[in-house]
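Everything on this sheet refers to the single structure shown next.
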Protein chains: 2
Amino acid sequence: MARKTPAAAVSGSTPKDQEKGRTSRLPSVQSATKDLFRREIESPTIQRLLIAAVDCFWKSGFHASSTRDIAKKANLSPAAVYVHFKSKEDLLFRIIQIVAGDVLRQIQETAAMDGDPRIRLWRIVQASVALPARVYKAATVVNTEFAVLSPAQRKYVMQIRDALDDIVESCLKEGCAAGQFQIDDLPVTKTAIVALCRSVLTWYSPRGSLSPEDLGAAYGDLVIRMVKAD
Amino acid sequence: MARKTPAAAVSGSTPKDQEKGRTSRLPSVQSATKDLFRREIESPTIQRLLIAAVDCFWKSGFHASSTRDIAKKANLSPAAVYVHFKSKEDLLFRIIQIVAGDVLRQIQETAAMDGDPRIRLWRIVQASVALPARVYKAATVVNTEFAVLSPAQRKYVMQIRDALDDIVESCLKEGCAAGQFQIDDLPVTKTAIVALCRSVLTWYSPRGSLSPEDLGAAYGDLVIRMVKAD
DNA sequence: GTCTATACCGCGATAGAC
DNA sequence: GTCTATCGCGGTATAGAC
């Protein structure tokens, strides 16, 4: 964690944490996904299955991952998967629901914070990079395996994507209305910003030198320039 | 084709075309991939197989596309595929070789054009958006099915990606050296620009209002702002 | 080079004992 | 809720006639 104030202010540190002298209260990238599932799911067996499935789907993709692989990685027999999930698709969708829901909620919280459009846009971008990167394997699965889902399931994901789009769009509009942003083509700019944030997952590795939060901060700076708001 | 000079100058129009009063000599997005394969491959049967495979892989992904599906779409029996390709992976790799090679070649030509770093960066970005978008289904397959490839095949693709990275990087360095760009973190900026261009394929549809070339032009403008070169 | 027929395998999912 | 055993389907790839 090289950066100080802005990243720390957005990433969830509380004054209390800082009093204690902690530099970060975030879980490591390695454990963030586990922590998320532990928070959302009671049964330890299901937690293990979800984690195993994320690992398999991330490494090989949904169709190349067999239920046998997943079961083995979760220390279960192949049949045990079907006690907890009605199909492999169901397992995928549960992962997507949990991960996408959690990320959306946190970005909504970020967007609801006070601040002028420049600060808010910077924070939204920072969060849109940092939060998925923290759970990068799971978030990659969410972005990658969209085609596998049923129409109803796709609709669910699309609503979440639309909500994120709207957050960025309304922030851009505010900034334009306040005369703080200069944007040529608002729909293109909005789409570019959202896709830019998402694209981090196509190359991100936790072995890189920047933490998810620092990376998000750097992207926040880039986006601020894109809307000519310096 | 709404834009005039810059996009037209880069997208391959010749003075002769313009004399004739054509607004564009580009193939339609629908036929660009076919044209590419027709240019690179002699056998019409193999052309049909490649086109069918691109369609299947794009729609469902590599593992969810069966060789039966591909053969049927190419009006062949399932067995006929194996006369021309030794495996389904081989078919995929041939697609990737042709598409990635062609795009790289054209971007290299773009990068070799004269102009100061600002013009060159704009053109490189424009081409990096427009060229893949013209063959968007095939280019999406190239970006999406990387995990399927063998180590040797992956290395081939990685060399192409590195070459594209280097083109952007050296242009950014030039611009910084010339005092025309102001960049905080060069590696992050380079990665962001490349990923931004690639991310267009995650949402692009030929039904959108902007042509690939106009979209590339808009992205060129955005990137010029990212490096503070206006 | 194309076809029909088929070998062979591994997948998702289920049955039934414990 | 977990296991072992297994069903049945559909996949990739091949054999052999034309």
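Numbers restart at 1 for each chain; the letters A, B, ... are given by sequence-line order, proteins then strands.
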Legend entry - Lys/Arg-Asp/Glu bridge criterion (N-O < 4.0 Å) met for D102(B), R105(B):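 Answer for the salt bridge query: yes.
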In whole Å, what is the span from the [atom1] atom of [X] to the [atom2] atom of [N]?
X: N75(A); N: dC3(D); atom1: CG; atom2: P; result: 9 Å
X: F85(A); N: dA13(C); atom1: CZ; atom2: C1'; result: 15 Å
X: H63(B); N: dG10(D); atom1: NE2; atom2: C1'; result: 15 Å
X: L49(B); N: dA13(D); atom1: CG; atom2: P; result: 14 Å
X: L92(B); N: dA13(D); atom1: CG; atom2: C1'; result: 17 Å
X: K88(B); N: dG10(D); atom1: NZ; atom2: C1'; result: 12 Å
X: E42(A); N: dG1(D); atom1: CD; atom2: C1'; result: 16 Å

Inset, instruction - Return the set of residues passing side chain to side chain donor-acceptor pair (under 3.5 Å) with Q47(A) (not counting sequence neighbours), or none when no residue passes. - result: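 Counting only residues at least two positions away or on another chain, Q47(A) forms no side chain to side chain donor-acceptor pair (under 3.5 Å).
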Inset, instruction - Kindly say if T45(A) contacts the phosphate of dT2(D), meaning a side-chain N or O under 4.0 Å from OP1 or OP2. - result: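 For dT2(D), OP1 or OP2 has a side-chain N or O of T45(A) closer than 4.0 Å.
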Inset, instruction - Determine: side-chain N/O of Y82(A) to OP1/OP2 of dT14(C), distance under 4.0 Å, yes or no. - result: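 So the side chain of Y82(A) is outside the cut-off, no N or O lying under 4.0 Å from OP1 or OP2 of dT14(C).
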Legend entry - Nucleotide nearest S87(B) (side chain, heavy atoms from C-beta), chosen from dC3(D), dA13(D), dG12(C):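 Looking only at side-chain atoms, S87(B) lies closest to dA13(D).
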Inset, instruction - Name the closest nucleotide to the H84(A) side chain, picking from dC3(D), dA13(D), dG1(D). - result: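 So the side chain of H84(A) is nearest to dG1(D).
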Legend entry - Derivation of the side chain to side chain contact (heavy atoms under 4.5 Å, CB included) call for M113(B) and R120(B): CA-CA 7 Å; M113(B) 287 171 139; R120(B) 290 186 55 242; 5.9 Å; no
Assign [X] to base, sugar-phosphate, or nothing according to its heavy-atom contacts below 4.0 angstrom with the strands shown.
X: A79(A); value: base
X: S65(B); value: sugar-phosphate
X: S77(B); value: base

Inset, instruction - Take atom CZ of R94(B) as the centre, draw a 6.0 Å sphere, and report whether it contains more than 12 heavy atoms from other residues, nucleotides or ligands. - result: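 Counting other residues, nucleotides and ligands, CZ of R94(B) stays at 12 neighbours or fewer.
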Inset, instruction - Note the angle between the end axes of the helix from dG1(C)-dC18(D) to dC18(C)-dG1(D), five pairs defining each, rounded to 10 degrees. - result: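 One end's axis against the other's: 0°.
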Inset, instruction - Check F62(B) against K88(B) and note the closest heavy-atom contact, atom names and distance. - result: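 Scanning both residues completely, I find the closest heavy atoms to be O-NZ, 3.0 Å.
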Inset, instruction - Using the side-chain hydrogen bond (donor to acceptor under 3.5 Å, both in side chains) rule, take S66(B) and D69(B) through it: C-alpha gap first, then chi angles, then the decisive distance, then the call. - result: CA-CA 5 Å; S66(B) 71; D69(B) 295 339; 3.2 Å; yes
Inset, instruction - Let me know, please, whether A80(A) or F62(B) comes out on the 5' side of the other along DNA chain D by nearest nucleotide. - result: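 It is A80(A), whose closest nucleotide lies nearer the 5' terminus.
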Inset, instruction - Could you tell me whether the side chain of R68(A) has a donor or acceptor atom within less than 3.5 Å of a complementary atom in the base of dG12(C)? - result: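 Such a pair exists between side chain and base.
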Inset, instruction - With rounding to the nearest 0.5 Å, note down the distance linking OH in Y136(B) to CD in Q30(B). - result: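 Y136(B) OH to Q30(B) CD: 5.5 Å, rounded to 0.5 Å.
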